[in-house]
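Have a look at the structure below, then the notes.
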Amino acid sequence: MAEKQTTGAAISFAALGKSFEKKGSGQVMALEDVSLDVPAGTITGIIGRSGAGKSTLLRMVNGLEQPTTGSVTVAGHDVGRASAAKLRHIRRDVGMIFQHFNLLSSRTVYGNVALPLEIAGVPSAEIKPRVDDLIARVGLEELSRRYPAELSGGQKQRVGIARALATRPKVLLSDEATSALDPETTQTVLKLLADINRDLGLTILLITHEMAVVRDIASHVAVIDGGRIVEQGTTYDVFADPKHSTTRSFLSGITGVTLPSFIADRLQPERPQGAAQEVIRITFAGRHATDPMLAMLTSELGIAVNILAGAIEEIGPHPFGNLLVSVEAGRGAEARAYLERHELLTEVLGYVG
Amino acid sequence: MSANLINMLLEATLQTLYMVAISGALGTIFGLPIGVYLAVSQRGELLSSPAVNKVLGLVVNATRSVPFIILVVAIIPFTRLIAGTSIGTTAAIVPLTIAAVPFIARLVENAIREVDSGLIEAARAMGATPLQIIRKVLIPEALPGITLGLTLAVVSLIGYSAMVGAVGGEGLGDLGIRYGYQRFMPEVMLAVVVILIVLVQQVQSLGEGLARLVDKRAPRNRGR
Ligand SMILES: Nc1ncnc2c1ncn2[C@@H]1O[C@H](COP(=O)(O)OP(=O)(O)OP(=O)(O)O)[C@@H](O)[C@H]1O
Ligand SMILES: [Mg+2]
């Protein structure tokens with residue numbers, strides 16, 4: 001297998017801005033004042049909705065887009081201000097994989113993986129062993145003489161990954177690399193990326209609109225909304241204590257923790273007159289996650305708790321859960337205070353009369 | 001049909017093949033790079049150079065709008081300069097080539113523009129120079145389209161070559177006119193037409209076969 005490689009490079013975005021000329025007139029601000037440090041050797045996820053500026057941000061890292069303001073540095077090199085020749089050099093240190101794979105239809109699997117090496121002027125005697133090695137790493141030995149049209153989506157992305165690793169890059173960029181794949185294939189491709197990160201130590205910066213992808217492999221995450229980074233941190237911290245509404249909506253998407261519609265429809269922000277229930281989101285994190293907290297709430301304070309929805313899962317080694325419950329509105333504050341004392345996070349979602 | 005006539009038909013066929021082959025080859029040598037350049041010099045493309053692109057496009061269009069028979073006559077002084085004479089099969093290659101270059105350039109341009117921009121982006125991300133992108137990505141990926149375009153160009157050249165009798169270009173078309181029409185020998189006309197049909201059919205199926213051979217985009221049984 002390929003030699004070990006433990007030289008991931010750090011990426012740093014500093015006060016980055018990017019605007020595009022709009023057809024006709026005016027400008028689109030695709031990115032505004034983005035500052036983000038991607039630590040070397042991590043898998044960092046950037047999540048955001050369509051049009052949030054994810055691809056634009058990623059494409060700055062290998063100079064496919066130039067910043068309008070601010071700077072991007074990779075391993076200390078200022079990408080935006082590099083000369084054309086220098087930029088080509090930097091690009092050999094930055095591999096990239098794409099949603100639609102972007103493989104050459106005219107080349108076999110072997111030929112596609114060899115392309116970056118030909119471009120870099122690697123002597124042909126060195127190309128063959130390197131390419132064979134890369135193809136083995138992604139498990140496609142049997143298919144090396146096939147053309148992309150003869151491969152499945154997952155196999156194509158494996159070719160894309162092998163190709164991106166050919167020049168032994170320090171950084172791997174992934175632009176929605178699993179978005180065109182089915183859930184099962186997505187898992188195998190994510191696993192491959194995680195293995196590569198572990199074995200080769202390179203930095204992986206991936207963008208996605210699926211929180212599940214972040215949960216599954218990213219150690220760090222940044223949430224981007226309308227061209228700005230609205231939240232960033234370790235995946236665990238962001239999942240455990242999401243601050244921004246965009247983050248929350250992405251999270252509710254994956255944990256499957258949404259209110260049943262018969263409650264959601266009746267939910268109101270203000271507490272109504274008379275008897276009402278307060279709807280609370282409880283986030284379980286760390287060692288408390290498995291504690292029988294709700295049972296204790298009932299037995300110690302005598303507050304009856306209705307469980308509306310919930311899920312517990314793992315982020316890395318940590319258990320992590322989300323519960324939606326309702327309690328009698330008059331005792332809501334008391335219940336929340338009790339849970340907070342036990343290091344659980346609570347949030348009032350509203351009231352139902 | 002006399003042995004003499006058969007000999008004339010054979011000779012005329014060879015002359016046509018000669019004119020078409022040489023002008024097709026020269027047309028490709030000049031048309032291919034021009035076509036590639038037309039494609040990559042557009043605004044926002046690899047070697048974006050809108051002004052040069054525009055001028056070149058105008059020249060190409062102008063050449064293409066001149067009816068071939070007028071082109072043949074109009075450039076006689078130029079033909080004489082290049083070929084040393086303005087009549088004969090070799091001289092006819094000059095106008096044929098001049099007609100072929102812009103035609104092939106446009107066909108190549110279209111084939112190149114069909115290439116998925118994602119591939120160019122992938123190659124840029126690998127650190128490829130524009131020239132490497134042209135050689136290793138654009139031309140190989142456009143090859144099926146280029147092959148079909150060249151097939152079309154050769155078929156058109158067979159048609160054009162029939163008109164160069166006007167400058168003594170000889171070949172099948174010339175034979176058909178002189179014997180079949182002017183000397184009223186319908187069997188010669190018929191033979192010429194049959195040979196032209198067969199030629200065009202052969203070129204067409206050869207071209208399509210080659211295009212299929214280089215086209216790896218759709219999976220199919222390739223017998224392995
Ligand atoms: N080349 C361009 N010219 C003009 N506007 C652009 C260009 N590229 C991106 N934009 C605009 O910038 C904004 C951000 O686009 P970007 O492609 O980065 O979004 P994204 O987060 O990757 O979205 P998606 O999830 O749909 O891929 C959008 O409003 C888009 O229209
Ligand atoms: Mg995008």
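Naming convention: chains lettered A, B, ... in sequence-line order (proteins, then strands); numbering from 1 in each chain.
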Chain A contact via Glu141(B) - side chain, backbone, both or neither, heavy atoms under 4.5 Å: both
Neighbour count above 12 (heavy atom, 6.0 Å) for Glu208(B) CD: yes
Atom CD of Glu11(B) with >12 non-hydrogen neighbours under 6.0 angstrom: no
Region of Ser117(B) that comes under 4.5 Å of a non-hydrogen atom in chain A: neither
Heavy-atom pair with the smallest gap, counting every atom of Ala125(B) and Asn62(A): CB-ND2, 3.6 Å
Under 3.5 Å: donor-acceptor pair, side chain of Arg88(A), backbone of Thr129(B): no
Over 12 foreign heavy atoms within 6.0 Å of CD, Glu184(A): no
Residues, nucleotides or ligands: over 12 heavy atoms within 6.0 Å of Phe30(B) CZ: no
Salt bridge Arg59(A)-Glu121(B), side-chain N to carboxylate O under 4.0 Å: yes
Per-residue contacts, residues 98-114 of chain A versus chain B, heavy atoms under 4.5 Å: Phe98(A), Asn102(A), Leu103(A), Leu104(A), Ser105(A), Ser106(A), Arg107(A)
Distance (rounded to the nearest 0.5 Å) between Thr167(A) OG1 and Met126(B) CE: 9.0 Å
